[in-house]
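Heads up, the thing below is written out as C-alpha cells.
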Amino acid sequence: MHTPPTDEQLAIVAEQLGRTPRGVLAIAYTTPDNQPAVVKTAPKLGDGTPFPTLYYLTDPRLTAEASRLEVAQVMKWMEARLNADSDEGEDLRADYLAAHEHFLAERNAIEDLGTDFSGGGMPERVKCLHVLIAYALAEGPDRVRFGTEAVALAAEHGDLRGTAIPADWPTLDDLGITLAEAGEGLA
C-alpha cells in the first residue's frame, strides 16, 4: 500500500537524496528497518517538467548496491537473456513487456505524458537497475522478473536482507540464479 508521505518521511528522503524531493506522491516502499526507500513521483513536477520515472529509489544502501551491480555488468547479463532465442528469452520478453505496460498504466492513471517511455529501458533493453529495483520493491516480487532478480542480487551481494530488503524476498536459490553468473566479480 502506497501511503502519502509524512513531513518526517520527506525530511528523511531529503537527507537521503541530499536535496529537497520533488513531485513525491507517496512512499511506495519502506524498508524493514523503517526507512522510506522508494517514492512514487508525479509524472510532471510542480513546474511542469515531465518526470517519467514513476518509482524513484532513495535509500542510500539500495542505490549504492544498485550501482555496484551495474558496474558488475548485471544489466548486460539480463539483456543477453532477454534477447536470447530460447524459451527463457521468450518468457522474459513477455514478462518485461507486461511490466512495461503496467508501469505505463499506473503512471498514466495519474497523468498521461503522451509517451510510451516507461523506465529502465523497458521493454527492449535493460539499462537501469535503480529503476528496476525501485519498481520491484514498490510493486512486489511478482511484477517484474528482472527487478525481482536485481533485488535478490542486492540482498545477497550487499547483505541487505532484513534491513533494506524484506527477509522474505525471493532468494537467488528460489530464482535459480547465482552471483557468479549474474555479474563480473560478484561471487
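- The side-chain heavy atoms of Pro21 and Leu10, taken from C-beta on, include a pair separated by under 4.5 Å.
- Under the 4.5 Å side-chain criterion, counting only non-hydrogen atoms from C-beta, Leu17 is in contact with Val13.
- Heavy atoms of other residues, nucleotides or ligands lying less than 6.0 angstrom from CG of Asp7 number 12 at most.
- Using a 4.5 Å cut-off between side-chain heavy atoms of Ile, Leu, Val, Met, Phe, Trp and Tyr, with links allowed through other members, Tyr135 and Leu104 fall into different hydrophobic clusters.
- Around the CD atom of Glu15, the shell of radius 6.0 Å holds no more than 12 heavy atoms that belong to other residues, nucleotides or ligands.
- Side-chain contact between Glu139 and Tyr29 is absent, with no heavy atoms from C-beta onward closer than 4.5 Å.
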Step by step, work out the side-chain contact (heavy atoms from CB on, under 4.5 Å) result for Glu156 and Leu179.
-> CA-CA 8 Å; Glu156 175 129 349; Leu179 284 173; 3.6 Å; yes

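- No more than 12 heavy atoms of other residues, nucleotides or ligands lie within 6.0 Å of CG in Asp159, so this atom counts as exposed by the packing criterion.
- A pairwise comparison of heavy atoms in Pro5 and Leu25 identifies CD-O, 3.4 Å as the closest pair.
- Using a 4.5 Å heavy-atom cutoff, the side chains of Arg61 and Thr31 are in contact.
- At most 12 non-hydrogen atoms from other residues, nucleotides or ligands lie less than 6.0 angstrom from CG of Asp87.
- Smallest separation of non-hydrogen atoms from Arg107 and Leu54: N-CD2, 4.0 Å.
- A donor-acceptor pair under 3.5 Å is formed between the side chain of Trp77 and the backbone N or O of Glu181.
- Between the side chain of Asp95 and the backbone N or O of Arg145, at least one donor-acceptor pair lies under 3.5 Å.
- Between the CD1 atom in Ile177 and the CD atom in Glu149 there is a gap of 4.0 Å [rounded to 0.5 Å].
- At distances below 3.5 Å, not a single donor-acceptor pair connects side-chain atoms of Thr49 with backbone N or O atoms of Leu45.
- Annotation for Arg22: atom CZ does not count as buried by contact number, only 12 or fewer foreign heavy atoms lying within 6.0 Å.
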Chi angles and distances behind the side-chain hydrogen bond (donor to acceptor under 3.5 Å, both in side chains) call for His102, Ser118 | CA-CA 9 Å; His102 177 77; Ser118 55; over 6 Å; no

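- No more than 12 heavy atoms of other residues, nucleotides or ligands shown are found within 6.0 angstrom of CD on Glu90.
- Minimum heavy-atom separation, Pro36 to Gln9: CG-O, 3.9 Å.
- A donor-acceptor contact shorter than 3.5 Å links the side chain of Asn83 to the backbone of Glu79.
- Atom NZ in Lys40 sits 14.0 Å away from atom OG1 in Thr53 (nearest 0.5 Å).
- No donor-acceptor pair under 3.5 Å is formed between the side chain of Thr41 and the backbone N or O of Val24.
- Under the 4.5 Å side-chain heavy-atom criterion for Ile, Leu, Val, Met, Phe, Trp and Tyr, Val131 and Ile110 are members of distinct hydrophobic clusters.
- Side chains of Leu82 and Phe146 form a contact here, defined as non-hydrogen atoms less than 4.5 Å apart.
- Checked by atom type and distance alone, the side chain of Glu65 never pairs as donor or acceptor with a backbone atom of Ala154 at under 3.5 Å.
- Counting heavy atoms from C-beta on, the side chains of Val74 and Leu129 come closer than 4.5 Å.
- Distance CG/Leu113 to CZ/Phe51: 11.0 Å, rounded to 0.5 Å.
- The aromatic ring centroids of Tyr55 and His2 lie less than 6.0 Å from each other.
- If you take CZ on Arg125 and CE on Met75, they are separated by 9.0 Å, rounding to the nearest 0.5 Å.
- No continuous path of ILVMFWY side-chain contacts below 4.5 Å connects Val151 to Tyr56, so the two sit in separate hydrophobic clusters.
- Between Tyr96 and Met78, every side-chain heavy-atom pair lies at or beyond the 4.5 Å cut-off.
- Side-chain atoms of Glu124 and His100, non-hydrogen and from C-beta on, never get closer than 4.5 Å to each other.
- The two residues Gly162 and Pro32 make their nearest non-hydrogen contact at O-CB, 3.4 Å.
- Of the residues listed (Leu62, Leu132, Thr30), the one engaging Leu137 in a side chain to side chain contact (heavy atoms under 4.5 Å, CB included) is Leu62, and it is the only one.
- Checked for salt-bridge contact, Arg81 and Glu88 meet the test: a charged N lies under 4.0 Å from a carboxylate O.
- Distance check, rounded to the nearest 0.5 Å: CG of Leu160 to CD1 of Ile165 gives 5.0 Å.
- Remark: side-chain polar atoms of Arg161 are not paired, donor with acceptor, to backbone N or O of Ala155 under 3.5 angstrom.
- Closest approach of Ala14 to Thr20, counting heavy atoms only: CB-CA, 4.4 Å.
- We find the CG-CZ distance between Asp116 and Phe103 to be 12.0 Å, quoted to the nearest 0.5 Å.
- Residues Pro141 and Thr148 come closest through the heavy atom pair O-OG1, 2.6 Å.
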